[in-house]
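Proteins come first, then strands; the chains are lettered A, B, ... in the order of their sequence lines, and each starts at number 1.
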Amino acid sequence: MGRTLSSATQLFLQEEAAFARFRRALRRADQLALDDLFASARQHLAAAQYAAHALPFEVFLLAMLLEEHKQVLRLRRQLDELLPGGR
Amino acid sequence: MSTDSISGWLLDVYPGEDGLTVWLLGSDGRRQRFVQDFAAAVYAAGPAARLRDLGRWLQAQDAPVRLGRACRRDVFRGPLSVLAVEVLQPACLDGIFRRMVLAFPDLTYYDADISLPLRYAAAWDVFPLARCRLEVRDGRILDLAPLEAPWDLEPEPVPLRVLSLEPDCDPAHRPPRTLRVAFGRRCWSLPLEPVRPLLAGLRALLGRCDPDLILTAWGDTWLLPFLLQACRENGLRLPLNRETGPVVERRAHTYFSYGQIVSREAQVQLRGRWHLDRHNALLWDDYGLEGVLEMARVTRQPVQDAARLSPGTGISAMQFVTALQNGILIPWHKGQAEAPKTAAGLLRADMGGMVYQPTVGLHRDVAGIDFVSMYPGIMVHFNISPEVPQADGAGAHLRRAPGEPGIVPRTLAPLLHKRLQLKAALLTLPLHDCRRAAFQARASAAKWLLVTCFGYLGYKNARFGRIEAHEAVTAYGREALLRAKEAAEDLGYEVLHMYVDGLWVRRAGCQTPADFAALLAEITGRTGLPIALDGVYRWVVFLASRRDSRVPVANRYFGVFQDGSLKVRGIEARRRDTPAFIVETQLGLLEILARAPSAGQLEERLPEAEAFAGSQRRALRSGCVLPEKLLLAQKLSRELQAYASPSPAARAARQLQEAGKTVRPGQRVRFVFTRGRPGVRAWDLPGPLDARCLDLVRYGGLLERAVETVLAPIRLEVHGGGEGQTLGLLPLTYVLPVSG
């Protein structure tokens with residue numbers, strides 16, 4: 001019983017901690033944006049676990065990108081609705 | 001002397017001076033003691049010359065044994081030629097085996113540490129409270145035949161005589177003054193002092209009632225040790241056992257299991273009748289006496305053990321009986337280690353069940369669907385057992401391992417079948433049917449055993465455990481869950497959450513169980529595993545992390561089913577260390593909200609809920625809440641001196657230690673928060689508690705947190721902003737400044 005490898009959640013927290021120095025040197029507004037990126041990656045821990053990728057940070061980056069793209073799609077849809085003629 | 005044929009229920013089996021002692025509750029109401037010859041076998045494997053040496057050594061020892069050659073199967077090594085050492089006096093078994101191991105430590109031993117009641121159960125295919133027919137002559141059992149199986153759904157009720165003994169208060173808290181006694185419909189209250197009349201009264205009661213079960217409160221930890229001590233001091237005898245001889249006393253101990261420290265209290269077990277302590281019986285609050293008896297029936301452990309041992313021990317006992325009945329050797333020490341894996345292989349195999357991050361917020365008309373007993377179902381359905389080879393990637397194709405069922409599926413299949421039958425029966429039994437409670441208790445006992453069997457499959461010390469089998473189960477589980485998700489999405493459902501064996505889905509217009517029937521059929525078709533509707537929620541709230549509202553938490557949610565019943569997981573009301581007052585408040589709020597016939601009508605209930613929260617706040621501030629309701633109970637995770645910064649529980653435990661009470665790691669310590677230092681007061685300290693010292697500000701904080709957990713998402717729903725989150729998008733929590 002018990003795991004040999006770290007879970008996706010543990011890996012995520014390790015990766016986040018590894019960027020603590022990077023975060024510290026950012027401006028406050030940028031720090032908050034970075035926190036949002038990490039929070040968005042956290043939405044996909046189950047998929048990251050299932051992927052069993054040897055380089056988990058690549059998966060976390062993809063998860064951030066995925067959430068960013070969802071935001072783009074949502075904003076584009078809203079923009080389309082606002083544009084005259086609804087395009 | 002002629003042979004008599006007697007029928008009745010098996011009460012107790014234990015080693016005596018002359019074979020085994022067997023107690024029977026006869027169909028005629030008589031409680032009878034019999035003796036039975038019984039040989040217990042231990043097997044030894046090794047080089048032929050060493051086995052011959054062992055045989056000669058045993059004969060020279062003049063031990064009561066019978067030797068023979070046998071062929072038995074080691075599940076990991078295949079068929080083996082072994083030396084069978086049958087011990088004819090079962091009470092001598094442990095002593096003979098200890099000497100054997102000291103003299104021949106190089107041999108491999110099997111079936112060495114299996115308890116006699118389990119061996120007896122396997123040999124005669126019986127179990128505690130089994131109805132059976134005995135052929136007896138001169139007080140000796142010559143033959144025995146079971147008249148029922150442990151898998152019968154409705155065994156004939158056993159006319160047990162139960163004597164209840166309970167002190168008037170918790171002895172850990174303050175010294176009790178009287179003993180409440182109940183037998184049938186009659187009750188007595190006996191003063192504990194002076195002790196001689198008490199002992200005389202109890203002796204008369206035991207003689208007159210001759211109970212089969214002495215059911216106590218704090219009997220293991222206080223009452224029976226107190227009575228035994230009083231007997232010794234006064235030179236009196238109390239017939240606690242049904243026969244002469246001392247009671248069985250086991251000392252308290254602490255052990256480490258699954259990363260947690262566990263404390264087991266002392267035990268007092270009786271002979272010829274049973275003693276159960278409600279406070280020292282595992283899961284008593286969950287399934288009561290009926291569940292304990294069911295545990296004993298299906299695991300075949302003696303009732304007094306089944307009540308006090310974990311479901312894991314029960315599962316092991318069931319596997320041992322399967323092994324004994326099928327000529328499979330039970331290794332004394334397991335020698336199997338994990339097979340080497342490649343890094344990529346480990347990365348793929350070493351995963352648990354699938355746990356998703358739910359879409360945070362309130363959702364309407366959601367179906368909760370669960371695979372029925374998923375992991376045991378996978379073991380039985382796909383034949384997963386430590387000795388059954390698994391093909392690479394079998395999990396990804398949900399393919400059954402070929403060949404005969406392994407020892408694990410063979411053990412679990414009847415239990416799983418029984419649980420499914422009980423659940424099906426519960427669905428059809430009317431609510432007022434008097435059998436419901438017993439069925440519920442039996443289903444619950446089966447559930448705990450089935451839940452545990454998965455952990456034991458991977459537990460390195462389990463005799464029939466193997467990590468690869470454990471990993472295979474999770475691989476099948478992940479595949480089944482993903483196929484369920486795909487089926488739901490293909491049929492147009494939105495998947496809100498998934499958790500190991502369950503999914504939460506919704507689709508516009510689907511509100512009744514019938515609307516989800518096609519989905520259930522589709523999932524069963526794609527996975528081969530049965531899946532059932534847990535219920536359709538009017539609304540369900542998935543909560544975010546308390547630390548970061550952007551991060552969902554997998555197992556913190558609450559919701560109301562269409563029939564108005566609540567389902568609550570992971571919030572304060574479910575935590576064992578939450579004070580009763582806070583639990584009452586949170587559940588009270590949920591019950592008010594549950595009265596809204598739909599999510600759309602929550603708005604009407606919100607003022608009532610806010611008013612209730614307000615009245616609870618006022619009750620707390622004005623000191624109207626009883627200190628008992630503000631009690632917290634937390635477990636000590638280590639020795640007191642090992643705490644670097646003592647937790648509240650450790651500080652309370654230190655107070656108890658200073659007052660001369662014993663404190664062990666794993667124990668739960670009860671305390672209240674007080675003002676000033678040290679901030680806590682142990683509940684079980686002698687002397688009264690001054691209610692003015694209670695730290696009401698701290699309790700106010702706990703109350704507020706519990707209220708907000710429930711009301712914040714409802715307010716968001718009522719006042720807008722709730723549904724936006726269901727897109728799975730992050731809310732914009734701040735406005736980015738335009739950078740220069």
For A/A51, is it the side chain, the backbone, both or neither that has a heavy atom under 4.5 Å from a heavy atom of chain B?
backbone
Close side-chain approach of A/L45 to B/Y356, heavy-atom, < 4.5 Å
no
Value for CG (A/L5) from CG (B/L346), rounded to nearest 0.5 Å, stands at 4.0 Å
For atom CZ of B/R348, decide whether the heavy atoms of other residues, nucleotides or ligands shown that lie under 6.0 angstrom number more than 12.
no
Check A/A46 against B/V355 and note the closest heavy-atom contact, atom names and distance.
CB-O, 3.1 Å
If I measure from the heavy atoms of chain A, does B/L457 come under 4.5 Å with its side chain, its backbone, both, or neither?
neither
Taking atom CG of B/L481 and atom OH of A/Y50, what is their separation to the nearest 0.5 Å?
10.0 Å
Is the side chain of A/Q43 donor-acceptor paired with the backbone N or O of B/R550 at a distance under 3.5 Å, no angle test?
yes
Counting only N and O atoms by type, is there a donor-acceptor contact under 3.5 Å from the side chain of A/Q49 to the main-chain atoms of B/M354?
no
Can you measure from CZ (A/R42) to CG (B/D548) and round to the nearest 0.5 angstrom?
7.5 Å
